[in-house]
Amino acid sequence: MAEQEQQNVTDETRRLGIPTNRVKKIVKLDKDVKKINSEALFLISSSTELFLQFLAEKSAHVALEKKEKTIKLEHLRVAVKRHQPTSDFLLDSLPLPAQQPSDQVPKDRSRPRSDDKRVPAGTRTIDCFFNKSD
């Protein structure tokens, strides 16, 4: 029985599509984290993969509703808006869709979008995790 569980665990670790080394680097960006357990790293990677699969499925569903074969940013935005828990933290990090040229003068966009909502001091947005650190 224990051998079967051991084999299932090793099979699951081989199927991860997200590189665990990159996940480990992202987790270690938090100054409070010195080390990360391999099981915790596996769970974070698995959870991230499931979350991305969820977003892809919901975005694909939106694209099918609009009778399109390619998932676009607008489909992802709609999928995120429809799911309240995801919308609460992710919607502000998604880029704005490209707008059609119009005769109106666009608003001043010199300020980054993240400045529109004030966040507590020391809080980072999700974008900072994906910037490569040298």
Side-chain angles (χ1 to χ4, degrees):
M1 182 74 170
E3 290 178 21
Q4 187 178 18
E5 288 180 24
Q6 180 89 13
Q7 186 178 7
N8 288 342
V9 170
T10 56
D11 288 344
E12 289 175 2
T13 57
R14 291 183 189 149
R15 284 188 253 155
L16 280 178
I18 296 176
T20 54
N21 286 338
R22 185 68 179 147
V23 173
K24 189 174 186 177
K25 287 180 184 178
I26 291 170
V27 170
K28 283 190 164 189
L29 287 174
D30 187 351
K31 293 178 176 114
D32 295 334
V33 177
K34 303 292 184 225
K35 293 182 181 180
I36 183 166
N37 187 331
S38 63
E39 288 91 11
L41 183 62
F42 175 76
L43 288 174
I44 292 169
S45 300
S46 297
S47 300
T48 304
E49 193 169 325
L50 288 172
F51 177 70
L52 290 175
Q53 181 181 0
F54 169 79
L55 279 180
E57 288 173 357
K58 295 296 182 184
S59 300
H61 183 70
V62 171
L64 288 175
E65 285 177 358
K66 296 187 178 201
K67 298 183 184 346
E68 294 187 25
K69 293 182 180 180
T70 304
I71 298 174
K72 298 178 184 173
L73 176 61
E74 65 187 63
H75 302 139
L76 180 62
R77 289 185 68 83
V78 170
V80 168
K81 282 181 185 177
R82 287 181 183 174
H83 190 252
Q84 185 63 39
T86 305
S87 177
D88 290 342
F89 80 94
L90 188 60
L91 194 58
D92 292 336
S93 298
L94 289 174
L96 292 172
Q99 296 181 359
Q100 300 294 332
S102 63
D103 295 334
Q104 298 176 354
V105 178
K107 294 180 181 178
D108 182 24
R109 290 284 179 184
S110 60
R111 209 172 47 165
R113 185 161 188 251
S114 61
D115 287 345
D116 292 343
K117 283 189 174 179
R118 300 287 179 210
V119 294
T123 304
R124 297 178 287 182
T125 62
I126 196 168
D127 298 337
C128 69
F129 288 115
F130 297 103
N131 294 334
K132 284 193 171 185
S133 59
D134 294 326

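Just so it is clear, the structure is predicted and the values come from calculations on it, not from any experiment.
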When rounded to the nearest 0.5 angstrom, what distance separates CG in L94 from CD in E74?
13.0 Å
List for me each residue that meets salt bridge (Lys or Arg N to Asp or Glu O under 4.0 Å) alongside K81, sequence neighbours excluded, and say none if there are none.
none
With sequence neighbours excluded, what pairs up with E57 under the salt bridge (Lys or Arg N to Asp or Glu O under 4.0 Å) test?
none
Indicate, with yes or no, if L91 and L55 share a hydrophobic cluster defined by side-chain heavy-atom contacts under 4.5 Å among Ile, Leu, Val, Met, Phe, Trp and Tyr.
yes
Side chain to side chain donor-acceptor pair (under 3.5 Å) partners of K72, counting only residues at least two apart:
E68
Set of residues satisfying ring pair (Phe, Tyr, Trp, His ring centres under 6.0 Å) with respect to H61, sequence neighbours excluded
none
Could you point out which residue of L29, V23, D30 forms a side-chain contact (heavy atoms from CB on, under 4.5 Å) with V27?
V23
Any idea which heavy atoms bring E49 and I18 closest together, and the distance?
N-CD1, 3.4 Å
Report the C-alpha distance between V62 and K66 in whole Å, list the side-chain angles of each, state the deciding distance to 0.1 Å, and finish with yes or no for side-chain contact (heavy atoms from CB on, under 4.5 Å).
CA-CA 6 Å; V62 171; K66 296 187 178 201; 4.3 Å; yes
Between the side chain of R82 and the main-chain N/O of S87, is any donor-acceptor distance below 3.5 Å?
no
Check whether any side-chain heavy atom of K58 lies under 4.5 Å from a side-chain heavy atom of H75, and answer yes or no.
no
Q84 versus D88: any side-chain heavy-atom pair under 4.5 Å?
yes
Which pairs would a plain distance check flag for residues 33-44, meaning a side-chain donor or acceptor within less than 3.5 Å of a matching protein atom at least two apart in sequence or in another chain?
from: K34; atom 1: NZ; to: K31; atom 2: O; distance (Å): 3.2
from: N37; atom 1: OD1; to: E39; atom 2: N; distance (Å): 3.1
from: N37; atom 1: ND2; to: E39; atom 2: OE1; distance (Å): 3.2

Hey, are the side chains of K25 and R22 touching, using non-hydrogen atoms and a 4.5 Å cut-off?
yes
Testing the basics here: between S59 and L76, what is the closest heavy-atom pair and its distance to 0.1 Å?
OG-CD1, 3.2 Å
Could I get the full list of side-chain contact (heavy atoms from CB on, under 4.5 Å) partners for A60, not counting sequence neighbours?
I71
